[in-house]
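Structure first, then comments.
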Protein chains: 2
Amino acid sequence: MTVTSERRKRQWGERENLILGTARRLIHDKGFLSLTMSELAKAVEYSVGTLYRHFETKEDLLVALAVQSISQRALLFEQVRQAKRPSRDRAYGILIVRLMLAESNPETFDIERLASSPSIWKRATEERYRTMVAMEQRCSEVVLGIIRDALAEGDLQRGWVIEGDIIFGLWSITVGFHRLVQSFDDIRQVGLADAIEAVKKNYRLLLDGYGWQPVENWDALAVEQDFRETIFQS
Amino acid sequence: MTVTSERRKRQWGERENLILGTARRLIHDKGFLSLTMSELAKAVEYSVGTLYRHFETKEDLLVALAVQSISQRALLFEQVRQAKRPSRDRAYGILIVRLMLAESNPETFDIERLASSPSIWKRATEERYRTMVAMEQRCSEVVLGIIRDALAEGDLQRGWVIEGDIIFGLWSITVGFHRLVQSFDDIRQVGLADAIEAVKKNYRLLLDGYGWQPVENWDALAVEQDFRETIFQS
DNA sequence: TCCTTTTTTGAATAATAGTCAAATAACCAA
DNA sequence: TTGGTTATTTGACTATTATTCAAAAAAGGA
């Protein structure tokens, strides 16, 4: 970056956000693959050359978008972890956050699905790619943190299923959920609402399977409601 | 198709398989996005024009590859369902088949991930797209069949989790597994072997969660071993 | 105001998907 | 076997779009 003064740096960042935001909107309308750089340039009212000062390639732009999404997720995950609630509630909160993000940022599915491909990574800036990996790592760490809290607070017993396994199980469900929503318009027969209910049930079933207390008399709906009301307020 | 005689039809099919097989190999080496049609034409020793008689667009080729993969899976799923074994074994067999396919056809991840995107579908032949959907449906139906067998045989009780929920739970785990393997080289810290163990554990945990009998004294390893020895023989 | 440095621009280039007129091969009747 | 007809294949050509970079414009500063 050849930018020096404070004001310039700020403007640079503002423009980057403008580009990312606009790209997001266009991707939402027509998908990443049929978004063209000149179209994006026109939409933000800058020339293609300027876009390329922010992002080395189109793939780099995609990874930048993924970084945005994953960072936002990491932030909300951290809020969930910090919530003053039993560990099981917070584990469920992770799912709720994902559901909420899916509602508010549907374009993220297209972005993240494509961004998880090696042939994209190769064409992105090394640094941005690293940031993406780091952000994903942070998300995992938050969940791992909640699991450790549960162990410390006695809500979870160290058994034949170890920490890493639990992370993976919960993560699988949410990834499955991503695929589900994304392919929804066309493929599935059941209603989306039913599918989301299924996601939640299976998630709770896994929590029960791990013996994550309290298994009995635990009000999933109330927990969901509460997270929905508090999390997005920051 | 303007092909009439038997021999010609056969040759047409053979060439299509040659193209698909070669594409698969090239995609395995460098990914779908950096596969070019001229490169593929050269590799199969036909001209680009000829490729385009088989597949209307590059996306159409991709969907054709997805159809191949999903059909093969459907076939193996059906074999699992037909196996003379308790329903729980067969439910587990579904996962084992996916693990085996992941080992033998690693390029499928790239193919199926991309092929599950609306912007690709739009550019593929209507018919091929329909076939893909139908094949996926068939896979679901096999699993649904096993669930119904389990209900009929009393290995599973109709409870608060309904059939569709179970399918979705098991399916999520396997989709998560796909994502996992695919992003493995670069992102994850744990070993792949550990991750695969985690997949299996979580899958069994869900089976237990549904109360899918026999929960006690059930030898997962033996079941896996047995499917591995019998399924691919056909 | 004039010179220097930085930034922006968009026409030009390069890569590649997709087309189609011409060439080739297959078929077949006499 | 030949000559005409139909089907298939070919690859040079077109169109699209990512990416570059020389020139123009703007900003900075003495």
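Here is the naming used below: chain letters follow the sequence lines, and residue numbers restart at 1 for every chain. Everything quoted here is computed from the prediction, not taken from an experiment.
Between B/Met37 atom CE and D/dC13 atom P there is a gap of 21 Å when expressed in whole angstrom units. We find that CD of A/Gln11 is positioned 14 Å from C1' of C/dT8, with the value rounded to whole Å. One atom, CG of A/Leu51, and another, C1' of C/dT7, lie 14 Å apart when rounded to the nearest Å. Rounded to an integer number of Å, the gap from B/Tyr52 OH to D/dA12 C1' is 15 Å. Rounded to a whole Å, the NE2 atom of A/His54 is 16 Å from the P atom of D/dT19. In this structure, the CD atom of A/Glu56 is 13 Å from the P atom of D/dC21, given to the nearest Å. Summarising the geometry, the separation between CZ on B/Phe32 and P on C/dT16 is reported as 14 Å, rounded to the nearest angstrom. Between the CD atom of B/Glu59 and the P atom of C/dT16 there is a distance of 15 Å, given to the nearest Å.
Here C/dT9 is the nucleotide among C/dT9, D/dA12, C/dA17 with the atom lying nearest to any side-chain atom of A/Tyr46. The side chain of B/Arg8 has D/dT8 as its nearest neighbour among C/dG18, D/dT8, C/dT6. Minimum atom distance to the side chain of A/Ser47 is reached by C/dT8, of the listed C/dT8, D/dT19, D/dT8.
Between A/His178 and A/Phe109, the angle of the ring planes goes over 60°, which puts this pair in the perpendicular group of the 30/60° scheme.
Using a 4.0 Å heavy-atom criterion, one finds that A/Thr50 contacts the bases of the nucleic acid, with or without backbone contacts as well. Among the heavy atoms of the strands lying under 4.0 Å from A/Leu35 are primed sugar atoms or P, OP1, OP2 only; no base atom is included.
Between A/Trp171 and A/Val143, the closest side-chain pair of non-hydrogen atoms is not below 4.5 Å. Taking 4.5 Å as the limit, every side-chain heavy atom of B/Ile94 sits out of range of all side-chain heavy atoms of B/Arg90.
No hydrogens or angles considered: nothing links the side chains of B/Arg73 and B/Thr108 as a donor-acceptor pair under 3.5 Å.
The main-chain N or O of B/Asp165 is found under 3.5 Å from a side-chain atom of A/Asn202 such that the two form a donor-acceptor pair.
For D/dA7, neither phosphate oxygen OP1 nor OP2 lies less than 4.0 angstrom from any side-chain nitrogen or oxygen of B/Arg53. Checking the phosphate oxygens (OP1, OP2) of D/dT9, a side-chain nitrogen or oxygen of B/Arg15 falls inside 4.0 Å. Within the 4.0 Å cut-off from OP1 or OP2 of D/dT19, at least one side-chain nitrogen or oxygen of A/Arg123 is found.
Map A/Gly49 and A/Thr36 each onto its nearest nucleotide of DNA chain D; the residue landing nearer the 5' end is A/Thr36.
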